[in-house]
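Notes to accompany the following structure.
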Amino acid sequence: MSRELKENTVAIKSGTTFKERLWVIIPVGLLIGLISVLVYNHHAEFSWDGFVAGFNQEFLIFFCIGVFAQLVDGTLGMGYGATSTSFLLAYGVPPVISSTGVHVAEMFTTGASAISHHKFGNINKKLVRHLLIPGVLGSITGAYLLSDVIDGDVIKPFIAVYMIALACIIIRKAMQKNIIKKKTKRLGILASFGGFMDAVGGGGWGPIVTSTLLGRGRNPRYTIGSVNAAEFAVSFASGITFMIFGGIQGWEVIIGLILGGVIAAPIAALLVNKIKRQPMMILVGILIIILSLRTLSKLL
């Protein structure tokens with residue numbers, strides 16, 4: 001009897017261990033597959049001289065944007081798309097290249113972030129499952145519209161206004177006190193809307209989904225970790241959609257954001273419970289507003 005009980009216990013442990021490993025195996029497998037496809041389809045576009053020449057001042061700027069945006073997103077659970085898109089638009093990068101670059105880069109940075117949050121035990125798996133499919137469907141729809149239907153030059157001022165609205169949401173959430181915990185209803189609608197606006201605007205998953213869940217009194221640690229984990233699937237879906245319908249443009253932007261974000265992801269996951277959220281959220285919100293107003297001033 002004792003021997004049989006031990007065997008059952010071992011079997012349960014091994015099954016649990018395999019399920020736990022899937023949270024790392026799936027992102028790593030998808031990223032390796034993505035890298036293989038990109039290398040196979042686009043290797044002719046690169047040469048050693050071009051690769052060396054690409055490490056210039058512009059690349060350093062995109063790299064720094066990637067580091068800063070990932071530190072913001074990984075510690076606050078929001079702001080990667082809004083921060084990076086605001087910086088890129090202010091720097092003069094067109095909306096389609098900006099959104100494509102941000103989402104292709106997010107395929108890697110959110111993968112690294114999801115693995116990091118899993119390692120530090122920051123994920124509520126039930127919450128991730130509720131957000132996953134609706135968020136993916138919303139992001140695919142938004143990415144298709146921006147790639148094949150909407151004119152990027154026409155939508156640019158609207159994106160800047162949308163970024164200001166997101167910044168106001170971030171600041172408003174930071175100023176809230178005595179949040180009473182409430183049951184979150186219609187998670188699917190929330191995730192669909194967040195995924196759609198994220199793809200069209202180049203950001204919004206975190207400010208819309210994370211801020212709503214935190215505003216309902218959910219635990220910040222598990223909310224941030226779970227929303228970041230779901231964001232990997234959302235970004236992967238929109239990134240693939242951008243590739244299929246719009247191709248890939250702006251390699252310097254993409255590679256700079258990827259390298260900066262991947263380096264910053266584990267640092268951000270470690271800092272998630274070690275920084276004061278309120279001043280950081282207010283600072284990020286003000287920064288996004290300033291960058292977006294600068295973009296609008298160039299267009300008017």
Side-chain angles (χ1 to χ4, degrees), residues 11-34 70 73-81 103 106-144 173 179 181-199 203-241 265-266 268-269 272-273:
I12 291 167
K13 281 185 178 179
S14 62
T16 305
T17 304
F18 178 71
K19 286 181 181 179
E20 288 294 319
R21 285 177 181 171
L22 282 177
W23 287 84
V24 176
I25 292 169
I26 291 173
V28 170
L30 288 172
L31 291 177
I32 290 172
L34 175 63
Q70 187 56 43
D73 188 75
T75 52
L76 299 182
M78 65 183 80
Y80 182 91
H103 285 91
E106 276 191 310
M107 294 162 82
F108 293 89
T109 58
T110 54
S113 183
I115 292 168
S116 300
H117 278 295
H118 178 263
K119 182 181 177 182
F120 292 111
N122 299 340
I123 293 176
N124 178 331
K125 290 160 193 170
K126 186 179 178 182
L127 178 58
V128 173
R129 286 194 292 269
H130 280 299
L131 297 174
L132 210 61
I133 294 175
V136 165
L137 293 175
S139 70
I140 290 172
T141 305
Y144 167 71
K173 294 295 182 183
I179 298 172
K181 189 171 183 179
K182 302 174 187 175
K183 187 176 180 180
T184 310
K185 298 178 181 178
R186 298 175 182 172
L187 276 173
I189 295 173
L190 175 67
S192 297
F193 180 66
F196 178 82
M197 294 307 297
D198 186 78
W205 174 257
I208 291 169
V209 179
T210 305
S211 63
T212 300
L213 295 177
L214 291 178
R216 291 279 175 175
R218 280 185 173 263
N219 182 291
R221 175 186 171 187
Y222 294 111
T223 300
I224 292 167
S226 303
V227 173
N228 268 269
E231 190 177 14
F232 169 65
V234 171
S235 299
F236 207 92
S238 58
I240 293 292
T241 307
V272 71
N273 275 334

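Residues take their numbers from the sequence shown, with the count starting at 1. The basis for the numbers below is simple: all heavy atoms, side chains too, and nothing from hydrogens, waters or symmetry mates.
By the side-chain contact (heavy atoms from CB on, under 4.5 Å) test, Leu137 is found to be paired with Ile133, residues two or more places apart in sequence or in another chain being considered. For Ile140, the side-chain contact (heavy atoms from CB on, under 4.5 Å) partners are Val136, Ala237, Thr241, not counting sequence neighbours.
Contact between Gly188 and Pro134 at its shortest, heavy atoms only, is O-CB, 3.2 Å. Contact detail for Asn228 and His117: the closest heavy-atom pair is CB-CD2, 3.8 Å. The minimum heavy-atom distance between Trp205 and Ala230, with the atom names listed, is CZ2-CB, 4.0 Å. Between Gln70 and Ala268, the closest heavy-atom pair is O-CB, 3.7 Å. When all heavy atoms are compared, the tightest approach of Ala114 to Ala229 is CB-CA, 3.8 Å. Of all the heavy atoms in Pro266 and Ser116, the pair that sits closest is CA-OG, 3.5 Å.
Between Glu231 atom CD and Leu132 atom CG the span is 12.0 Å, to the nearest 0.5 Å. Atoms NE2 and OG, on His118 and Ser226 in that order, are 11.0 Å from each other to the nearest 0.5 Å. In this structure, the separation between CG on Asn124 and CZ on Arg129 is 8.5 Å, given to the nearest 0.5 Å.
Remark: the backbone N or O of Val234 is paired with a side-chain donor or acceptor of Ser139 at under 3.5 angstrom. Under a 3.5 Å cut-off, the side chain of Ser235 and the backbone N or O of Phe232 do not form any donor-acceptor pair.
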side-chain contact (heavy atoms from CB on, under 4.5 Å) for Leu213 and Leu187? Distances and angles first, verdict last. CA-CA 9 Å; Leu213 295 177; Leu187 276 173; 3.7 Å; yes

Please determine whether side-chain contact (heavy atoms from CB on, under 4.5 Å) holds for the pair Tyr222 and Leu127, giving the CA-CA distance in whole Å, both sets of side-chain angles, and the decisive distance to 0.1 Å. CA-CA 9 Å; Tyr222 294 111; Leu127 178 58; over 6 Å; no

side-chain contact (heavy atoms from CB on, under 4.5 Å), that's the test. Do Val227 and Leu131 meet it? Break it down for me. CA-CA 8 Å; Val227 173; Leu131 297 174; 4.1 Å; yes

